[in-house]
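Some notes on the structure that comes next.
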Number of protein chains: 2
Amino acid sequence: MGDDDSRTRRRGQELIKAIHDAVLEEVLEVGVGRLTMDGVARRAATPRTTLYRRWSGPVEVLLDALYHQHPVEEPTPGAGDLRGDLVRALRLMVEWAFSPAGRAVAAILTDPKSAALMSDALFEKVFAHRGGTFTRTVLEHYAERGGFPAELLTPVVADIGEALVTKRLIDTGAPPTDEDLVAIVDQAILPAIGLGPRASGA
Amino acid sequence: MGDDDSRTRRRGQELIKAIHDAVLEEVLEVGVGRLTMDGVARRAATPRTTLYRRWSGPVEVLLDALYHQHPVEEPTPGAGDLRGDLVRALRLMVEWAFSPAGRAVAAILTDPKSAALMSDALFEKVFAHRGGTFTRTVLEHYAERGGFPAELLTPVVADIGEALVTKRLIDTGAPPTDEDLVAIVDQAILPAIGLGPRASGA
DNA sequence: GAAATTAGATACACGACTGTAGCTAAGACA
DNA sequence: TGTCTTAGCTACAGTCGTGTATCTAATTTC
């Protein structure tokens, strides 16, 4: 049978994946504005002609890589541990934020020239729902089951956890510890849904 | 007397200011990674030699511009309107975020190559205290005067307002309305310091 | 095995940018 | 007025990246 190891060329999806991986690495090293076809090609160990056959520029390569490597794990809330589920959801968010795709998304969000290249499909898939998919899922789950008054779950409240994690990532560039995540849940999220230390004292 | 209007050349601070303004505009248009000496010079209507006499590259020009154009208004809390003062502080933050310097800071924060060029003085002045200077000032002011229990003012709580505004800015690219700011104060900050609707109902 | 497809390789012309050198002239100062 | 400083101007050589064209050879398909 065909022995894959003897092949010298990559074809089809294997090649595409290598190029996607390469552009996600390259953007981490140089940033969006310094992405070049040359750089991506070099990192992918493929000639530029191969890239130009499919994409017209490096940002398109990057956006395409994001489209295909975006799948993000969603939290799976249980039944009786809101606090624990919130911490786990935030941990999931942090893990994603430090993935190649997560870092690339962060870079694109501040690039003035990327928006013009953004397809509607990609925007819909990657950016439109970027916020609120981690803790919101957990909070909705528990609100539906009467864990706290559902009317307290406003767009602002749904965003608190992720907002604090996002800001922390921007401020320090380092992943928050589990203690940090617990503090965010206890000091900011739970009070906002009426489950803070003051509310339990009543 | 010297008539300023007849001069054909800018000198000293006038020239420096024009260059600073130019680089802050240029970075908004092309992003950090696409900044060039050529582009900045063109926009400042000055030759590159003039830039090279002072700076070795475009990011240095930008960082210098930030160092000198960073002064940010601080909130001036009053005596009896915590809620109003928090909303005003967040409004101040939004105004700064949309200033040329504010936007430049945002761009630099995601550029992989800018950190290496960052002087300690600049980091100290512009970035180290970037978070927590708006609502923290107000919250500390009122905590000291017994407006709410001081022990509730943790680093997490001090960050809530600005975190939510930051995330909103990232998510939409548009300035939050005053209604948005009021919602952030009422739904997230006040509950966290024990002054939410639930606490007053007790 | 032959035909089709396409990955990989090479080359080219061009533009933009870099960094430097050298010069002139405007402006400040004594 | 004379001197000094430096902004503005021009030119240059070199590098990098772009976009394209062409060809060969590896791989897949029939």
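Order of the sequence lines fixes the chain letters, A, B, ..., with proteins taken first and strands second; residue numbering starts at 1 for each chain.
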statement: Ranking T46(A) and D38(B) by the position along DNA chain C of their nearest nucleotide, the one closer to 5' is T46(A)
task: With DNA chain C as reference, determine whether R11(B) or S56(B) sits nearer its 5' end, using the nearest nucleotide of each.
output: S56(B)
Rounded to the Å, how far apart are [X] [atom1] and [N] [atom2]?
X	N	atom1	atom2	answer
M37(B)	dT20(C)	CE	C1'	13 Å
R9(B)	dA28(C)	CZ	C1'	13 Å
Y52(A)	dT10(C)	OH	C1'	16 Å
W55(B)	dG19(C)	CH2	P	15 Å
R42(A)	dA9(C)	CZ	P	14 Å
L15(B)	dG27(C)	CG	C1'	13 Å
R53(B)	dG19(C)	CZ	P	16 Å

query: Any idea which of dA21(C), dA25(C), dA11(C) is nearest the R48(A) side chain?
result: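 The closest nucleotide is dA11(C).
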task: Using a 4.0 Å heavy-atom cut-off across all strands, classify T49(B) as base, sugar-phosphate, or nothing.
output: base
message: Please determine whether a side-chain nitrogen or oxygen atom of T8(B) lies at a distance below 4.0 Å from atom OP1 or OP2 of dG27(C).
response: yes
message: Is the phosphate of dA7(C) approached by R54(A) (side-chain N or O, under 4.0 Å from OP1 or OP2)?
response: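 Answer is yes, contact under 4.0 Å.
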query: Is the closest side-chain heavy-atom distance between V61(B) and D64(B) below 4.5 Å?
result: no
message: T49(A) vs R53(A), test: side chain to side chain contact (heavy atoms under 4.5 Å, CB included). Steps then yes/no.
response: CA-CA 6 Å; T49(A) 46; R53(A) 284 191 190 115; 4.2 Å; yes
message: Less than 4.0 angstrom from a charged side-chain N to a carboxylate O is my criterion; do D111(A) and R34(B) meet it?
response: yes
field: From CZ (F148(A)) to CG (L190(A)), nearest 0.5 Å
entry: 9.5 Å
statement: Rounded to the nearest 0.5 angstrom, the CD1-CD distance for I170(A) and E162(B) is 11.5 Å
- prompt: ring-ring contact (aromatic ring centres under 6.0 Å, His included): which pairs involve residues 16-35 of chain B, sequence neighbours left out?
  reply: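 Checked against ring-ring contact (aromatic ring centres under 6.0 Å, His included) - neighbours excluded - the pairs reaching residues 16-35 of chain B are H20(B)-H68(B).
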task: Shoot me the first and last contacting nucleotide of DNA chain D against chain A, ordered 5' to 3', at under 4.0 angstrom to non-hydrogen atoms.
output: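 Boundary nucleotides touching chain A, in 5' to 3' order, are dG17(D) to dT28(D).
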message: Below 4.0 angstrom, which residues in residues 27-36 of chain B have at least one non-hydrogen atom near DNA chain D?
response: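 Residues of residues 27-36 of chain B under 4.0 Å from DNA chain D: none.
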- request: Decide whether E60(B) and S56(B) meet the rule of one side-chain donor and one side-chain acceptor closer than 3.5 Å.
  value: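 Yes - a donor-acceptor pair under 3.5 Å links their side chains.
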- prompt: Counting distance only, does the side-chain N/O of D171(B) pair as donor-acceptor with the main-chain N or O of R168(B) below 3.5 Å?
  reply: no
query: Do Y52(B) side-chain atoms and G57(B) backbone N/O form a donor-acceptor pair below 3.5 Å?
result: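 No, because the side chain of Y52(B) does not come within donor-acceptor range (under 3.5 Å) of the backbone of G57(B).
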